[in-house]
2 protein chains.
Amino acid sequence: MSNIELKVEGRIWINAGTINFVGDGKIHLLEKIKELGSLRKASLEMKMSYRQAWGQINKMNLVYNKPLVVLHRGGKDGGIAELTAFGEKIITIQKELHREFELFLDFQSKKIQNV
Amino acid sequence: MSNIELKVEGRIWINAGTINFVGDGKIHLLEKIKELGSLRKASLEMKMSYRQAWGQINKMNLVYNKPLVVLHRGGKDGGIAELTAFGEKIITIQKELHREFELFLDFQSKKIQNV
DNA sequence: CATCGTTATTCATTATTAAGCATAACGATA
DNA sequence: TATCGTTATGCTTAATAATGAATAACGATG
């Protein structure tokens with residue numbers, strides 16, 4: 001036994017079939033879009049490239065048959081990005097999932113103490 | 001709702017402090033070492049470079065204060081790689097962990113059907 | 001119908017990671 | 001003490017991923 005603590009960690013995500021659908025990163029991006037109404041601003045706040053953010057949203061919208069975000073270009077403010085009801089639902093689901101996963105990890109971590 | 005099935009997936013591993021200690025890949029490597037008694041043969045069977053395999057074992061042995069594998073060079077067969085009792089214990093722990101994680105994933109996957 | 005800030009997309013560049021080559025060190029055995 | 005297959009380790013190259021510049025398209029508004 002060492003003085004260093006062993007800890008169980010992990011990542012979870014949701015697949016649609018065999019293709020990655022959403023994970024923590026995309027959920028965070030969805031939340032930022034909801035907050036800011038702009039994909040560009042959301043990507044800036046998350047310190048990721050707009051290119052990557054757009055690609056993720058685009059993929060997310062295509063993988064499943066329901067869009068999570070609707071993007072409009074042009075108009076008064078140049079364009080907007082808005083979350084759909086389905087997008088909101090996915091956020092809720094993933095956050096609950098994440099919460100349960102944290103409990104799982106804590107429980108498993110406790111079990112491997114004193115190895 | 002789409003005809004494509006949503007499924008919760010994920011990965012887990014064990015950290016020693018903030019540093020990655022073991023995950024599925026390293027566990028698989030440990031099992032191969034136990035089976036073959038050779039790091040080189042184990043790396044070949046896993047289709048990974050010996051360089052990488054050695055690096056992983058080396059790191060694993062250093063991160064915690066107990067070695068999981070003892071490597072000997074020279075001798076009749078050129079050298080041997082043998083698992084320590086601690087190494088065996090870690091395999092057991094991680095496999096049990098993995099089993100429980102699979103149950104967790106299945107349970108969570110069922111919960112998100114019919115979204 | 002010009003403006004503006006956004007979405008949409010390509011492409012060259014950079015950064016990060018992995019792979020593979022080369023070679024020394026080792027020590028039981030014959 | 002020569003041999004052999006392994007461990008030990010640096011270094012070069014290849015593969016992959018991420019970044020960022022550049023630019024077109026868009027449409028409500030004034």
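Proteins come first, then strands; the chains are lettered A, B, ... in the order of their sequence lines, and each starts at number 1. This structure is a prediction, so every number in the text was calculated from the model and none was measured.
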Closest heavy-atom pair and its distance - [X], [Y]:
X: B/V69; Y: B/A81; result: CG1-CB, 4.4 Å
X: A/A53; Y: A/L29; result: O-CD2, 3.9 Å
X: B/L39; Y: B/I33; result: CD1-CD1, 3.9 Å

| Phosphate oxygens OP1/OP2 of C/dT7: is one of them under 4.0 Å from a side-chain N or O of A/W54? |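 No, outside the criterion.
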| Closest listed nucleotide, where the reference is the side chain of B/K76 and the choices are C/dA28, C/dT7, C/dA8 |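 Nearest listed nucleotide: C/dA28.
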| request: Between A/R40 and A/D77, just flag the one whose closest nucleotide in DNA chain D comes earlier from the 5' side. | output: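 Result of the comparison: A/R40.
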Taking atom [atom2] of [N] as reference, at what distance in whole Å does atom [atom1] of [X] sit?
X: A/L71; N: C/dT7; atom1: CG; atom2: P; value: 7 Å
X: A/Q56; N: C/dT7; atom1: CD; atom2: P; value: 15 Å
X: A/L39; N: C/dG5; atom1: CG; atom2: P; value: 17 Å
X: B/N58; N: D/dT9; atom1: CG; atom2: P; value: 7 Å
X: A/N61; N: C/dT7; atom1: CG; atom2: P; value: 13 Å
X: B/L44; N: D/dT6; atom1: CG; atom2: C1'; value: 12 Å
X: B/I80; N: C/dT29; atom1: CD1; atom2: P; value: 12 Å
X: A/Y50; N: D/dA18; atom1: OH; atom2: P; value: 18 Å

List, with names and distances, any nitrogen or oxygen atoms from the protein found under 3.5 Å away from nitrogen or oxygen atoms belonging to nucleotides 19-21 of chain C.
residue	atom	partner	partner atom	Å
C/dA19	OP2	B/Q52	OE1	2.8

| Between A/N15 and B/E5, do the side chains contain an N or O donor and an N or O acceptor separated by less than 3.5 Å? |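 Short answer, no.
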| task | Please check if any side-chain donor atom of B/N20 sits under 3.5 Å from a side-chain acceptor atom of A/E9, or the reverse. | result |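 No donor-acceptor contact under 3.5 Å links the two side chains.
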| Near DNA chain C, under 4.0 Å by heavy atom, which residues of residues 12-22 of chain A? |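 The stretch gives none, as no residue of it lies under 4.0 Å from the strand.
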| Are the side chains of B/I112 and B/Q108 in touch, meaning some heavy atoms are under 4.5 Å apart? |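 B/I112 vs B/Q108: side chains apart.
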| field | Residue met sooner reading DNA chain C from 5', once A/G78 and B/G75 are mapped to nucleotides | value |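 Result of the comparison: A/G78.
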| message | Using 30° and 60° as the class boundaries, would you call the ring planes of B/F86 and B/Y64 parallel, tilted or perpendicular? | response |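 B/F86 vs B/Y64 ring planes: parallel.
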| message | For the aromatic rings, using the six-membered ring if either is Trp, is the centroid distance between A/F104 and B/F107 under 6.0 Å? | response |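 Not under 6.0 Å, so no.
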| message | Please check if the number of heavy atoms outside A/K95 that lie under 6.0 Å from its NZ is greater than 12. | response |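 Count not over threshold, so no.
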